[in-house]
Amino acid sequence: MRPSEFEYHKADSLEQALALLQEFGDEGRPIAGGQSLVPMMNLRLARPAHLVDINGLGLDTIEKKDGVIRIGALVRHERYLAEPLIIDNFPAFIDGVRAIGHPTIRRNGTIGGSLAHADPTAELPLLCMLHDGEIIAASAGGERRLPATRFFEGAYMTVLEAGEMIVAVELPVPPASSSGAFVEMAERRGDFAIAACGVTLEHARGRVTRAAVACSGAGQTAMRAPQLEEALEGLELAHPDAAAAIAAFTETLNPPDDHSASADYRRALVGQLTEQALATACSRAMEAS
Amino acid sequence: MIEITLEVNGETRRLSVESRRLLADVLRQEFNLSGVHIGCAHGACGCCTVHLDGKPRLSCLTFAAQCDGKSVRTVESVGGVGADHPLQKAFRSEHGLQCGYCTPGFIMTLIPFVEEMTAERRMPDEEEIREAMSGNICRCTGYQGIVEAVRKVIGENLEEGAQA
């Protein structure tokens, strides 16, 4: 199919983009890489009356300052794979980026676009939650800082308001003795996942001192697993057997039951992926220390 | 309507397009480049891959209005009517195509990959080749012939480089 009619506006500055988005309200959408929005428009699941092209705005730096890594909204996915600030600090993030779509999508898609699109099993929403990310949204009225864990309201739904646009994401720099991994299962390479799990660990003297776990495929959005995270504290890196704690976590899940997978299958899959991600994160931690 | 200037396969033209027109449709209808195939029109099949300023891009996920001042290459700029680019020849000899609908997309996706591997002077393993072409769907070949074609052309390039 082809998109319904709209007016195209190329923004030359952030101020101009925000002014246009404010003017258009619910009828306006920013467009960057177009890798999520244009499919939705071609299928007429999205019918914005105005598109504001933000590709010319810059917003594409990755920089470290004041204990955070700040990623501009227009950073394309493939950039992370060659970016030392990400490679050195966020191994789970790198695993996840490799699983995003395929090379052409990774070259064009942006982090702002992926977060705003909010596919329930997309990698970047999960990764931003896992890494305690904050999403910075701007509007003509100013900026809001939104924790990733409170940004997603449901499948394809976020707390972004009309006239608002993501301008950056900030991830706190983890301590040196940390590790992580991400694993997902999709029907075909590059498809959206059926389920995925990311784990990060901080460790000392061969044991986990702090863990974060985020998974998708278990609900309408990715989610953190606070009880499991607590249960993982003290785990020996050399014997990462957390089967009981993981089972206690997956029992609480109420995943969707549909044509691609049953709820039971998804629950079991989330458990398996969590075990795998945890094992990889532990062995990476051992290699590094 | 939006006024844009497009440079397509060496020809620069100014044209007026409706905002919602996809680059894929403009290339097919205004430039008569029927090698730009449209499979799914939502970014899942890779058939419509072209080079935008030198890099593979899905022309079905791109509005022509966004391409003002940009340079586009389609499969027509590669190997001409005889389809005699080494990668196209390898697709023929290795059974990398049957019906041919997906072929232009595969060629445009894989040319930069072949060039990159040739520049790095290395033969990618099968996993890498399959990852490089993972955004393109083929319903005839089962992909093995395409993997062989990529391997063959990189092998030829490496051999040539070794002799030079």
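Order of the sequence lines sets the chain letters (A, B, ...), proteins ahead of strands, with each chain counted from 1.
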Extract the chain A to chain B donor-acceptor pairs under 3.5 Å, no hydrogen or angle test applied.
residue  : atom : partner  : partner atom : Å
A:Arg2   : NE   : B:Asp25  : OD2          : 2.5
A:Arg2   : NH2  : B:Asp25  : OD1          : 3.0
A:Arg2   : NH2  : B:Asp25  : OD2          : 3.4
A:Pro3   : O    : B:Arg20  : NH1          : 3.0
A:Phe6   : O    : B:Ser19  : OG           : 3.4
A:Tyr8   : N    : B:Ser19  : OG           : 3.4
A:Gly33  : O    : B:Arg57  : NH1          : 3.4
A:Gly33  : O    : B:Arg57  : NH2          : 2.9
A:Asn42  : ND2  : B:Ala41  : O            : 2.7
A:Asn42  : ND2  : B:Cys60  : O            : 3.1
A:Asp53  : OD2  : B:Gln66  : NE2          : 3.4
A:Arg106 : NH1  : B:Glu131 : OE2          : 3.3
A:Arg106 : NH2  : B:Glu131 : OE2          : 2.7
A:Asn108 : OD1  : B:Arg57  : NH1          : 3.0
A:Arg189 : NH1  : B:Glu127 : OE2          : 3.4
A:Arg189 : NH1  : B:Glu131 : OE1          : 3.2

Contact winner vs chain A - B:Gly43, B:Ala65, B:Ala44, heavy-atom pairs under 4.5 Å: B:Ala65
Test ring pair (Phe, Tyr, Trp, His ring centres under 6.0 Å) applied to A:Phe151 - qualifying residues, sequence neighbours left out: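 Applying ring pair (Phe, Tyr, Trp, His ring centres under 6.0 Å) to A:Phe151 gives none.
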What part of [X] lies closer than 4.5 angstrom to a heavy atom of chain A: side chain, backbone, both or neither?
| X | result |
| --- | --- |
| B:Ile2 | side chain |
| B:Ile38 | side chain |
| B:Phe63 | side chain |
| B:Leu58 | both |
| B:Ala132 | backbone |

Segment of A:Ile105 engaging chain B (4.5 angstrom heavy-atom cut-off):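 The side chain, not the backbone.
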Engaged part of A:Met41 at the chain B interface, taking heavy atoms whose separation is under 4.5 Å: side chain
Other residues, nucleotides, ligands: >12 heavy atoms within 6.0 Å of A:Asp26 CG: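 For A:Asp26, atom CG is not crowded (no more than 12 foreign heavy atoms under 6.0 Å).
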